[in-house]
Every structure is written in structure tokens, then in C-alpha cells.
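Below is one structure, written out as C-alpha cells; comments come after it.
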Protein chains: 2
Amino acid sequence: MASTVEPDYKSSSTPIPAPAPATAVVDYFKFDVILRFLLFASSLVSVVVMVTSNQTIYVPAPLSAKFRYSPAFVYFVAAFSVSGLYSIITTLASLSAIKNPTLRNKLLLHYVLWDALILGIIASAVGTAGGIAYLGLKGNRHVVGWNKICNVFDDFCRHVGSAIAVGLFGSIVTLLLIGLSAYSIHSRLPK
Amino acid sequence: MASTVEPDYKSSSTPIPAPAPATAVVDYFKFDVILRFLLFASSLVSVVVMVTSNQTIYVPAPLSAKFRYSPAFVYFVAAFSVSGLYSIITTLASLSAIKNPTLRNKLLLHYVLWDALILGIIASAVGTAGGIAYLGLKGNRHVVGWNKICNVFDDFCRHVGSAIAVGLFGSIVTLLLIGLSAYSIHSRLPK
């Protein structure tokens, strides 16, 4: 009862001989791995969707929209590339912590610190790209010339909007990861 | 040695009779109060500087720039108003935890969860406002009409840039708060 919640779920090894003898600690690392995989998937999808957002229109000369024309979208791709790499590394770390429970306390502390940094990076990237995308969608009638462009570059804006939505999902997953790590550390405190 | 780090610093009461007898726990709540006050100050400054960013030029007709003309800057003000209120409430909670150490474990868990949410909100607000401000500063030569405006509205852009810089400082303070709370929980774990 103390070691694992569901013994037949992803364990695929011999039953662990009760590695945490101090208190009844719930094993949160399986949820951690699942959430980190979700962060990886959303980072990958948002980067791919953003990078492939390429549209050329002919009115009357060819006019292209590419993600790399906007510094905001370049920052978005950079931030989610970092979070994707980070999620791969931390997924491996969590998998090793499932096998080796002595690492867990130290790992959970580092998870909270680094997950918070990643949250700050990707939340600001979602904000930056979202602000520019909103300007492209609605324009700003108070500024001369800042007109909307999504009525022309419809396919480009759909790509950008999808990438931002998936990025927002990734930010929420990171928030859940921080909460899970904090809750996991808290559950190990002496009652 | 166990109860307080510097007994003459901000304590201003009778010496606390060793409230945490379990392990040698360092008292991080004074740093917590200082950081939360810094978060409050930076939230207040960034909101005030952003709200007062008002400039009218006459070329030849009067033309105004106000923060509320841009949804990005409105979101920025809303986000930092929330973080300012949050920092007041949590400063009071930390002050009560200095007096009453039995609350601390539960409070630290809630701090990590809610600080991470606030970090997500204000980091995305800094990103959103920063993206629009960068467009105003540099323009985007790939989009017809998205010209820079900071050569005309120089005073407005100085206000906006200062508000964003102070907001970025507030985000870093929130990151430090999460790290401090996580480290504080971790230090209470049984060795």
C-alpha cells in the first residue's frame, strides 16, 4: 500500500520491496512521467505547426507570410524547442526515479525550480505570440497602418492560432507539473 | 540556531521559544516577506507607469497614444493588478506564519501552487506587452503598414518600456519566491 498505487500499471518488473519505509508516500512519479510526456507532445506539436505556417498569396504580386518574419513567433519556436528538450530530459529523470526511489527528494526540489523557469519562458512566449497574433486578427484602429492581416493570410493565421493554443495547453501542463511536484514533496513531510 | 537566523532583524517581539522542535529548520519566511514586498512594489510601479503612459502629439491634428488603446497593455495592467493584490494577501499570510509556525507546512504548499499560477499570468502579460512594444519600437517591414510608432510617441514608449522592465523584474521575483518555498519545504523533509 505504501510503495505503489496500481501495481499492474507500467511497472513491468518484480514488485518493489517497499522502498519508502518512513511514511505512507503516494507515488506521484507515474503522473509526472505522463504530464512530462504531454509537455513534450505539446511542445513538439506547437513548434511543428508554427514552423510550417507558410502562406504565399498573389495579389497581384506574390506576397509571403512566414513565421520567421516576426520576432515574436521566432521567440515562440525557440521557447518551445527548449521546453521540448527539457521535457525529454526530465522524463528520463522521472523514469530513473521510478526505478531508484532514493533520488526522489532531491529530484522533486529541482523539478519545482526548473519547471517554474520553463513555465516563465513558455508563458511569456505564448503571450508574445498571442499579442502579435491578436493584432494580426483584429488590427488596431488607434494606430495608423496597424491593420489586420488574417483576412488575407487566413491559412497562416490558422496555423499560428493552433500553435498558440497548443502552447497554452503546454503551459497549463507545466503548471500542473509544478503543483504535482510540490504536492509530492509536501506529502513526504513528517505529519 | 534552529528558530531564527538573525534575531534582531524585523522580529520586534519577545524571542520565540523554539517553535520547530522536529528538525533544524531554517526560517525562510523573512526572505519570503521581503520578496513578496518586492513583488508588490514592482506590480504597483509597473501598473502606475503603464497607466500614466499618455501622450498627445500635434502633427498637424492632435493624435493620442494611451495604454488602453492596446488590448496587450490592458492585459498587462490587469495581470499586474492581480499580482499586486495577491502579494498583499500573501505578505499578510507570511507575517502570520512568522508568528504562528504551525501553519507553515500547509502554507508553503499553497504558496508554490498559487505563485506558479501568478508567474504564468504575469510572465504571459510581460510577453504580450513586450511583443507589441517591440513592434512599436522596430515595426515589421514584412507587413505592409506595421510601422514603428516610437519615433513619434517617444514619451509613451519610454513609459511602456519602463513598465515592462519593472514587470520582468516582478516575474523574476515570483520565480525566486517559488524557489524559496520549494527549498523551504525540502529543508523540512526528514533526512
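Residue numbering restarts at 1 for every chain, and letters A, B, ... go by the order of the sequence lines. What you see is a predicted model; the values in this text were computed from it and never measured.
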Taking side chain as everything from C-beta outward and backbone as N, CA, C, O, which of these in B:I185 sits under 4.5 Å from a heavy atom of chain A? Side chain, backbone, both or neither.
both
Part of B:K66 lying under 4.5 Å from any heavy atom of chain A:
neither
Heavy atoms under 4.5 Å from chain B: which residues of residues 130-152 of chain A carry them?
A:G131, A:I132, A:Y134, A:L135, A:G136, A:N140, A:H142, A:V143, A:V144, A:G145, A:W146, A:N147, A:I149
Value for CG (A:L35) from CZ (A:F40), rounded to nearest 0.5 Å, stands at 15.5 Å
Heaviest contributor of heavy-atom pairs below 4.5 Å to chain B, chosen from A:S64, A:G120, A:S124, is A:S124
With distance as the sole test, does A:Y111 use its side chain to make a donor-acceptor pair with the main-chain N or O of A:L180 at under 3.5 Å?
no
Examine whether an atom of B:S70 lies under 4.5 Å from a heavy atom of chain A, and if so say whether it belongs to the side chain, the backbone or both; otherwise answer neither.
both
Among B:L109, B:N105, B:L108, the residue with the most heavy-atom pairs under 4.5 Å to chain A is B:L109
Are the charged groups of A:D115 and A:R36 less than 4.0 angstrom apart, N to O?
yes
Do the ring planes of A:F153 and A:F156 sit parallel (below 30°), tilted (30 to 60°) or perpendicular (above 60°)?
perpendicular
When you look at A:H159 and A:Q55, which way does the side-chain contact (heavy atoms from CB on, under 4.5 Å) test go after all the steps?
CA-CA 10 Å; A:H159 264 85; A:Q55 190 181 12; over 6 Å; no
Run A:L107 and A:F29 through side-chain contact (heavy atoms from CB on, under 4.5 Å) and show every step you take.
CA-CA 11 Å; A:L107 197 62; A:F29 273 86; 3.9 Å; yes
Please check if the side chain of B:S46 supplies one atom and the backbone of B:A163 the other of a donor-acceptor pair under 3.5 Å.
no
Part of B:A182 within contact of chain A (heavy atom distance under 4.5 Å):
both
Top residue by heavy-atom pair count (under 4.5 Å) with chain A, among B:P71, B:G179, B:S181, B:A116?
B:A116
Test your reading of the model: is there a side-chain donor-acceptor pair from B:R68 to the backbone of B:V74, 3.5 Å cut-off?
no
Under 3.5 Å donor-acceptor, B:S94 side chain and B:T91 backbone:
no
